[in-house]
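Here is the structure we will look at.
For the numbers below, each heavy atom of this structure counts, side chains included, while hydrogens, waters and symmetry mates do not. Here is the naming used below: chain letters follow the sequence lines, and residue numbers restart at 1 for every chain.
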Protein chains: 2
Amino acid sequence: MDVTARPEGADCRGVSEILSRVGDKWTIQVVVALRLGARRFNGLKREVGGISQQMLTRTLKVLERDGMIARTVHPSTPPQVEYTLTPLGHSLSETVRQLADWAAENRQNIEDHRLRYDADHA
Amino acid sequence: MDVTARPEGADCRGVSEILSRVGDKWTIQVVVALRLGARRFNGLKREVGGISQQMLTRTLKVLERDGMIARTVHPSTPPQVEYTLTPLGHSLSETVRQLADWAAENRQNIEDHRLRYDADHA
DNA sequence: CGGAATCCGAGCAGATACTG
DNA sequence: CAGTATCTGCTCGGATTCCG
C-alpha cells in the first residue's frame, strides 16, 4: 500500500503518533544504545546520559508495549533484566538513522539560517 | 558522562534537536500542507485542523528561522502573507515521508503488539 | 488579514524515598 | 539490581484580547 497515492490518509493520526515517538528526547537514545546489543537497566541508565530512572522505566515500557524492544528476566540474585531490540525495533532504528543522516548533513545549513534570522530580527 | 566523548557524539545534540522538530505535533502538518504549494496564514490555519493561531505563528516562525519555509509579504490592503517551502524544507519533507512510510507500514503491527501487551498486563 | 501579548490550566519531567 | 510511588515545579499549549 503506497502512502503517496492518497494525499491524506486515514491513518494520519497513527503516523503522527509514531513520529512523536521518534521525536521524543529519550526514546531514540535508548534505541540507539540498544543497537549495539543487549543492555541491562542500569547499563542503559549509564549509557544514556542524563536520564532519570523513572524516565528510563517509562521509555522502556512504552517501547516494549509497541514491540520495539524485548524484556527478558533472568531469575537470580541479584535479578538481571536484559533489554534487546526486536526486529521491528531494528527496522525503526534503520529508518531513524536515515533521518539522522539528513539532520547531520543539514545541521550546519540550518545553523547558518538561524544566525542570519537572529541577526535580522535583532 | 560526556556526550561528545562517544563516537558520532559531536552532532548528537543538533541531530536530536532536529528529530524533536520532526516529532512536533504541528511542524510536520504545516510542512505537509505546504508541500502542495504556497499558503497564506488563515489558509494554513484552516488546512491544519485544530491548530490555534498562536501555535501556527510559533511553528511558522521556527520553521522560517530554520530556513525551512520562506515568508513573503505582499503590501496591500488587506495584507497578504504567503508561506512557501524552501528547497531545504522540501528536502526535509522528503526525508520525513520515508519515515511516514515506515510508520504506515508498521502501524498495524505496532497496534497488535499494544493490544497483546495490554491484555497481558490487565 | 496577520499577527503579538497576556493569562491560565493540564500534563510531563525530575528528585526523592521506598520495595522485592 | 530493577524497579514503584509520590510530590512538585515548570513548560507547553489553548483561549482571549488587542494592534497595524
Hey, can you pull the donor-acceptor pairs under 3.5 Å for the side chains in residues 115-122 of chain A, sequence neighbours left out?
residue: A/D118; atom: OD1; partner: B/R65; partner atom: NH1; Å: 2.8
residue: A/D118; atom: OD2; partner: B/R65; partner atom: NH1; Å: 2.5
residue: A/H121; atom: ND1; partner: A/Y117; partner atom: O; Å: 2.8

Does D/dG3 have OP1 or OP2 sitting under 4.0 Å from an N or O in the side chain of A/K61?
no
Can you tell if the side chain of A/N106 reaches within under 4.5 Å of the side chain of B/L88, non-hydrogen atoms only?
yes
Test side-chain contact (heavy atoms from CB on, under 4.5 Å) applied to A/E105 - qualifying residues, sequence neighbours left out:
none
Spell out protein contact along nucleotides 10-20 of chain D as letters: B when the base is contacted, S when just the sugar-phosphate is, - when no protein heavy atom is under 4.0 Å; keep the 5' to 3' order.
---BBBBB--B
Would you mind listing every salt bridge (Lys or Arg N to Asp or Glu O under 4.0 Å) that reaches into residues 24-33 of chain B, with sequence neighbours excluded?
none
Does B/Q98 have any side-chain contact (heavy atoms from CB on, under 4.5 Å) partners at least two apart in sequence or in another chain, and if so, which?
A/Q98
OP1 or OP2 of D/dC1 sitting under 4.0 Å from any side-chain N/O of A/Y83?
no
Nearest-angstrom distance from the residue atom NZ of A/K45 to C1' of D/dC1:
13 Å
Please name all residues satisfying salt bridge (charged side-chain N to carboxylate O under 4.0 Å, His left out) with B/R39, sequence neighbours left out, ordered by chain then number.
B/E47
Where chain B begins and ends its contact with DNA chain C, read 5' to 3' at 4.0 Å from heavy atoms:
C/dC1 to C/dT6
Taking side-chain contact (heavy atoms from CB on, under 4.5 Å) as the test, write out the residues that go with B/D112, two or more places apart.
B/Q108
Sequence neighbours excluded and cut-off under 3.5 Å, please list the side-chain donor-acceptor pairs for residues 50-61 of chain A, or say none.
residue: A/S52; atom: OG; partner: A/M55; partner atom: N; Å: 3.2
residue: A/T57; atom: OG1; partner: A/Q53; partner atom: O; Å: 2.7
residue: A/T59; atom: OG1; partner: A/M55; partner atom: O; Å: 2.7

Stems involving DNA chain D: give each as a range paired with a range, ordered by first number, where a stem means at least three consecutive Watson-Crick or G-U wobble pairs under 3.5 Å.
C:1-20 with D:1-20
According to salt bridge (Lys or Arg N to Asp or Glu O under 4.0 Å), does anything in residues 73-99 of chain A pair up with another residue at least two apart or in another chain? List the pairs.
A/R35-A/E94, A/E94-A/R97, A/R97-A/D101
I'd like to check the side-chain contact (heavy atoms from CB on, under 4.5 Å) partners of A/A100; sequence neighbours left out, ordered by chain and number.
B/V15
